[in-house]
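Note sheet for the following structure.
Along the sequence shown, residues are numbered consecutively beginning with 1.
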Amino acid sequence: MKKLFTNLTFWVLTAIICGILLGHYNPEFALKPIIETGIKLNLFISEFEIKTSFSEFLSSIFISTVKLFINPIIFLTITLGIISMGDLKKVGKVGAKALIYFEIVTTVALIVGIFVANILRPGDGVVTQDIKGGDISKYTQSADHFSWTKFFWDNVTLQVLVVAIILGIILSNYSGRQSVVNFLSPISRKVFWALHKVMLLAPIGAFGGMAFTIAKYGIKTLLPLAKLMGTVYTTMAVFIFVVLYFILRYYKISLWRFLKYIREELLIVLGTSSSEAALPSLMEKLERMGCSKSVVGLVVPAGYSFNLDGTTIYLSMAVIFLAQVFNVHLDIQQILTIIGILMVTSKGAAGVTGSGFIVLASTLTAIKVIPVEGLALLLGVDRFMSEARAITNFIGNGVATVWLSNNENEFDRKKMNYAFNHIEAQEDIIIDNIRN
């Protein structure tokens, strides 16, 4: 019992269940602005946050705190990784392989999404009058102004990635680079130590995120689009347990054992609907299971922007779903056009707020055969499908890193076997380190 109650995975799962129960049975309390809940406020809390419901506030404050660690960890990991790699040609080769891998796998995800949507046809029989629509004007306006320049400037993670790569290349040619390594390495350890402290708050973030989602949108809102929901979740599962399974199988690595190894992070992503919430922790676990620091530092941050398997599947299925709702027949040429457009636009899905709908709006505008107003049908259930997107994106980036590490002979199988066989022991060590 003592081991169970000190297990973070147990508390995150418990928090998710409690959040669902609170959101379903007492949505009024879950959606109350925090100024009305009797919680004392510190002076630094803004007026916006005071008006926010307490459940949403718990989730957003946890995610925002974790986000503070993402860019420093990416910067330190990439810079130290490139310096330790030494061979700059190898850096370029790993980067090129990663981009090729991302393009191939996300294209497969696109095709899987379109294929399953055409087989199961979740849009057939949907009565649009039965679904409460929403305001999509902000998404259509943003779609009109989308550009790759804006994508880069809005994506701070991508900027940090570029700066870290450039600095790492410069320092790798610097004669006194060892002194830089000696300076940055202790900082990196301190940042990860602080991150472990913050991750103890994961149950609070998961509780708030789940309570807010269930309370605001409710289980009843799922019924009219239940078939779409089921189709999306089924397709994500097929992609993970078929496509990603065979990718890891190529190097004789068990997908199931890998998922068990990152189960704690998966629950955090599920509870918060954000892959960012567990991104730094994933990077550390990938290193601990045998992936080299340099490959982890390059692949995971780049994958966060360019390897969004779950988002890609959702975008392709949403377009086909709306075509079915409005009885628009898409021929082979139009489907190939959709694949071509989404191969480009989906890469910007992590760059702007409300990115998924902005990409959908720009895609529907480009093909000119499906009413863009149909996006209003998806607003009510989008939050419920965001968990599937985030988890698939998260697993996809982990698998990409493991595959590329093996492909570059930068993978230690002894570390992997130890990590897989001693999951609980490692969690105990982390807890002990945090306490100390």
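Within the 4.5 Å cutoff, the side chain of E410 has no heavy atoms near those of the L404 side chain. Under the 4.5 Å side-chain criterion, counting only non-hydrogen atoms from C-beta, V116 is not in contact with F239. Two residues are said to be in side-chain contact when any heavy atoms from C-beta on lie closer than 4.5 Å; L120 and T235 fail this criterion. Between L266 and I395, the closest side-chain pair of non-hydrogen atoms falls below 4.5 Å. Side-chain contact between I313 and V232 is absent, with no heavy-atom pair separated by less than 4.5 Å. Inter-residue side-chain proximity for V12 and I16 is flagged as met; some heavy-atom pair is nearer than 4.5 Å. Proximity of E284 to R288: side-chain heavy atoms (C-beta onward) are separated by under 4.5 Å at one or more points. The shortest side-chain heavy-atom distance between K93 and E408 falls under the 4.5 Å cut-off.
The backbone N or O of N393 lies less than 3.5 Å from no partner atom in the side chain of D309, so there is not a single donor-acceptor pair. Not one N or O on the side chain of S188 forms a donor-acceptor pair closer than 3.5 Å with the backbone of L184. K285 places a side-chain N or O within 3.5 Å of a backbone atom of Y261 that can act as its donor or acceptor partner. Counting only distance, with no hydrogens or angles, the side chain of T79 and the backbone of L76 share no donor-acceptor pair below 3.5 Å. A donor-acceptor contact shorter than 3.5 Å is absent between the side chain of S275 and the backbone of F394. Remark: side-chain polar atoms of N421 are paired, donor with acceptor, to backbone N or O of N417 under 3.5 angstrom.
The CZ atom of F62 sits 4.5 Å away from the CE atom of M199 when rounded to the nearest 0.5 Å. Taking CE of M283 as the start and CZ of F69 as the end, the distance is 14.0 Å to the nearest 0.5 Å. The CG atom of L308 sits 11.0 Å away from the OG1 atom of T392 when rounded to the nearest 0.5 Å. Within the model, atoms CE of M210 and CG of L22 stand 12.5 Å from one another, a figure rounded to the nearest 0.5 Å. Atom CZ of F258 sits about 6.0 Å away from atom CE of M289, to the nearest 0.5 Å. Distance CD1/I335 to CG/L110: 12.0 Å, rounded to 0.5 Å.
Here the closest non-hydrogen pair linking T231 and P122 is OG1-CB, 3.6 Å. Annotation for F102 and V299: closest pair CZ-O, 3.7 Å, computed over non-hydrogen atoms. The heavy-atom pair separating V319 from I370 by the smallest distance is O-CD1, 3.6 Å. The minimum heavy-atom distance linking G113 with S316 is given by the pair CA-OG, 3.5 Å. Taking each heavy atom of P186 and V181 in turn, the nearest pair found is CD-O, 4.4 Å. Counting all heavy atoms, side chain and backbone alike, E387 lies closest to Y233 at CB-OH, 3.9 Å.
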**OP:** Start with the C-alpha distance between W403 and I253, add both sets of side-chain angles, then the distance that settles side-chain contact (heavy atoms from CB on, under 4.5 Å), and finish with yes or no.
**Re:** CA-CA 9 Å; W403 193 91; I253 297 174; over 6 Å; no
**OP:** Decide yes or no on side-chain contact (heavy atoms from CB on, under 4.5 Å) for L201 and T65, but give the supporting numbers first.
**Re:** CA-CA 10 Å; L201 302 176; T65 304; 5.9 Å; no
**OP:** I would like to know whether S292 and F411 meet side-chain contact (heavy atoms from CB on, under 4.5 Å); could you show each step before the answer?
**Re:** CA-CA 6 Å; S292 70; F411 190 77; over 6 Å; no
**OP:** Could you please spell out the steps behind the side-chain contact (heavy atoms from CB on, under 4.5 Å) verdict for L286 and L282?
**Re:** CA-CA 6 Å; L286 287 170; L282 174 68; 3.9 Å; yes
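Relative to the ring axis of Y314, R389 places its NZ or CZ within 45° and under 6.0 Å from the centre.
Within 6.0 Å of atom CZ in R249, 12 or fewer heavy atoms from other residues, nucleotides or ligands are found, so the atom counts as exposed in its surroundings.
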